[in-house]
Amino acid sequence: AVTKRINELGLKQLSDVEVIEPQKSPHFKEFTREFSQKRQRSGVSIYHAEDMMALETYFGAKMIDNKLADAFIAGPTLSYPSCFVPLMHVLGTKHKQSAAGIFIMVFKNRVLFLADCTAQVDPTEEQLAEIAYSTASLYRDLMRREPNIAFLSFSSFGSNNHPKARKVKNAVKLTKDRHADLKVEGEIQADVAVNKQVLDKLFDFSSLEGPTDILIFPDLNSANISYKLIQQLSEADAIGPILVPMNGSANIIQRTATVNEIVNMTTLTALLAMEEKNRN
C-alpha cells in the first residue's frame with residue numbers, strides 16, 4: 001500500500017525507502033523476547049509481548065531502543081495515549097524522570113516554550129521542577145542560549161496563599177536549589193510573565209533578565225487549554241508536543257496536525273536525534 005501510494009504521487013526519490021511490517025521482520029522474535037523480559041513483572045507475558053510488537057508503535061519504539069533507527073514519529077491517525085504508552089513502556093525517560101510534552105509556539109517576533117501540555121495531569125512540586133529542567137535542556141539545544149523561565153499560577157509572588165499557588169512557589173524554590181544556573185521566577189500570573197514591561201513595573205525585584213522564554217504550567221488542564229487556544233486564535237506556528245527527557249528521539253504528532261506541522265515535527269525530531277548522537 002505504501003509503495004503504491006509513493007508511485008501514485010510520483011515520489012521516485014522514495015522508491016528505495018525500506019517499509020517494515022513488524023511480524024515479517026527478522027527482528028520480531030528478538031524484540032518480543034526482550035520486551036517480555038523487561039515487562040514480565042508488569043503483567044506482560046511472552047504472548048502479550050507478541051501482540052504488542054505486532055503494533056507499529058511498539059515495534060518502532062523498539063527499533064530506537066535497539067539502535068536500528070535514529071528517530072521515531074507516531075500519529076496523527078492514532079490517539080495520543082495509544083502512542084504515548086508504547087514509548088513509555090519501551091523507551092522510558094532518562095533517569096526515570098517525569099515525562100513532559102512541550103509545545104513550541106513560534107510568533108512573528110518571539111518563540112515561547114510551553115510545558116507540560118500532554119503528560120502529567122496534576123504534577124507535584126518535584127515533577128514541576130523536573131519538567132522545568134527538561135524544558136530548559138531542550139531550549140538550550142534548539143535555541144543555543146540560556147532561557148528565562150516563569151512558573152505560572154493565578155497568584156504572583158505570594159499574593160494568594162492557596163495550596164495550589166503554594167505548590168508552584170515551592171516548585172520554584174526546589175528548581176533554584178537544584179539548578180542554581182537556571183534563571184527561574186515565580187509563582188507568577190501569565191499576563192505578567194509574558195510582558196517584561198509589566199513585570200518590571202510591578203515586580204522590579206524579579207531576577208529575570210529578559211522576556212520570558214519558557215512557561216511552566218501548574219497542571220495539564222491549564223497547559224493543554226492554553227496551547228490549543230493560542231494555536232487556534234493566533235497566527236503562531238505550533239511545533240509539538242516534543243517529549244522530554246526520553247531515552248531516544250521519539251515524538252507524537254497530534255490528530256489535528258496540518259501537513260506543515262507534520263513536516264516541522266519530523267524535521268525537529270531528526271535534528272534532536274542528531275544532537276543526541278553528537279552528544280554521545
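We count residues from 1, following the sequence as given.
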Query raised in the report: Other hydrophobic cluster members with Leu11, side-chain heavy atoms of Ile/Leu/Val/Met/Phe/Trp/Tyr under 4.5 Å, chained?
Result: Val2, Ile6, Leu9, Leu14, Val17, Val19
Query - Intermediate values then yes/no, side-chain contact (heavy atoms from CB on, under 4.5 Å), Asp116 and Phe217 - result: CA-CA 6 Å; Asp116 159 33; Phe217 289 81; over 6 Å; no
Report summary line: Which of Thr175, Asn170, Asp177 passes side chain to side chain donor-acceptor pair (under 3.5 Å) with Lys173? Answer is Asp177
Requested in this report: With side-chain contact (heavy atoms from CB on, under 4.5 Å) as the test, would you mind laying out the steps for Phe28 and Met53 before giving the verdict?
Outcome: CA-CA 7 Å; Phe28 183 74; Met53 279 301 139; 3.7 Å; yes
Query raised in the report: Within a reach of under 6.0 Å around CZ of Phe205, are more than 12 heavy atoms found that belong to other residues, nucleotides or ligands?
Result: yes
Query raised in the report: Between Thr57 (side chain) and Cys83 (backbone), is there a donor-acceptor pair under 3.5 Å?
Result: no
Query raised in the report: Are Asn66 and Glu34 close enough that a side-chain donor and a side-chain acceptor fall under 3.5 Å?
Result: yes
Requested in this report: Can you see which heavy atom on Asp122 is nearest to which on Gln127, and at what distance?
Outcome: O-OE1, 4.2 Å
Query raised in the report: Do Leu114 and Ile225 share a hydrophobic cluster, counting only Ile, Leu, Val, Met, Phe, Trp and Tyr and linking them when any side-chain heavy atoms are less than 4.5 Å apart?
Result: no
Requested in this report: Decide whether Glu50 and Thr32 meet the rule of one side-chain donor and one side-chain acceptor closer than 3.5 Å.
Outcome: no
Requested in this report: For Ser79 and Ser82, test the side chains for any donor-to-acceptor distance below 3.5 angstrom and give the result as yes or no.
Outcome: yes
Query raised in the report: Run the salt bridge (charged side-chain N to carboxylate O under 4.0 Å, His left out) check on Glu275 and Arg140 step by step: do they pass?
Result: CA-CA 11 Å; Glu275 188 75 23; Arg140 286 164 168 166; over 6 Å; no
Query raised in the report: With a cut-off of 6.0 Å (strictly less than), are more than 12 heavy atoms of other residues, nucleotides or ligands near NE2 of His48?
Result: no
**Report entry** Verdict with supporting geometry, Glu126 and Leu174, side-chain contact (heavy atoms from CB on, under 4.5 Å)
**Finding:** CA-CA 7 Å; Glu126 176 98 13; Leu174 198 58; 4.1 Å; yes
Report summary line: Taken to the nearest 0.5 Å, the spacing of Ile230 CD1 from Phe107 CZ works out to 5.0 Å
Query raised in the report: Is Lys62 salt-bridged to Glu30, going by a charged N under 4.0 Å from an acidic O?
Result: no
Query - More than 12 heavy atoms of other groups within 6.0 Å of Tyr133 OH - result: no
Requested in this report: Return the minimal non-hydrogen interatomic distance between Pro218 and Lys167, and the atom names on each side.
Outcome: O-NZ, 3.1 Å
Report task. Give a yes-or-no answer on whether the side chains of Thr267 and Asn264 include a donor-acceptor pair shorter than 3.5 Å. Result -> no
Report task. State, to 0.1 Å, how close Gly60 and Phe72 come at their nearest heavy-atom pair, and which atoms those are. Result -> CA-CE1, 3.6 Å
Query raised in the report: Will you find, in the side chains of Ser98 and Glu130, an N or O donor that is under 3.5 Å from an N or O acceptor?
Result: yes
Requested in this report: Check the angle between the aromatic planes of Phe35 and Tyr58 and answer parallel, tilted or perpendicular using the 30° and 60° thresholds.
Outcome: perpendicular
Query raised in the report: Between the main-chain N or O of Ser222 and the side-chain N or O of Asp219, is there a donor-acceptor pair closer than 3.5 Å?
Result: yes
Query raised in the report: Within a reach of under 6.0 Å around CE of Met143, are more than 12 heavy atoms found that belong to other residues, nucleotides or ligands?
Result: yes
Requested in this report: Ignoring hydrogens and angles, tell me if any N or O in the side chain of Glu187 forms a donor-acceptor pair with the backbone of Leu152 under 3.5 Å.
Outcome: no
Report task. State yes or no: do Phe113 and Val244 share one hydrophobic cluster built from I, L, V, M, F, W and Y residues joined by side-chain heavy-atom distances below 4.5 Å, directly or via other members? Result -> yes
Requested in this report: Evaluate the side-chain contact (heavy atoms from CB on, under 4.5 Å) criterion for residues Gln23 and Phe59: first the C-alpha distance (whole Å), next the side-chain angles of each, then the deciding distance (0.1 Å), finally the verdict.
Outcome: CA-CA 9 Å; Gln23 287 174 296; Phe59 194 89; over 6 Å; no
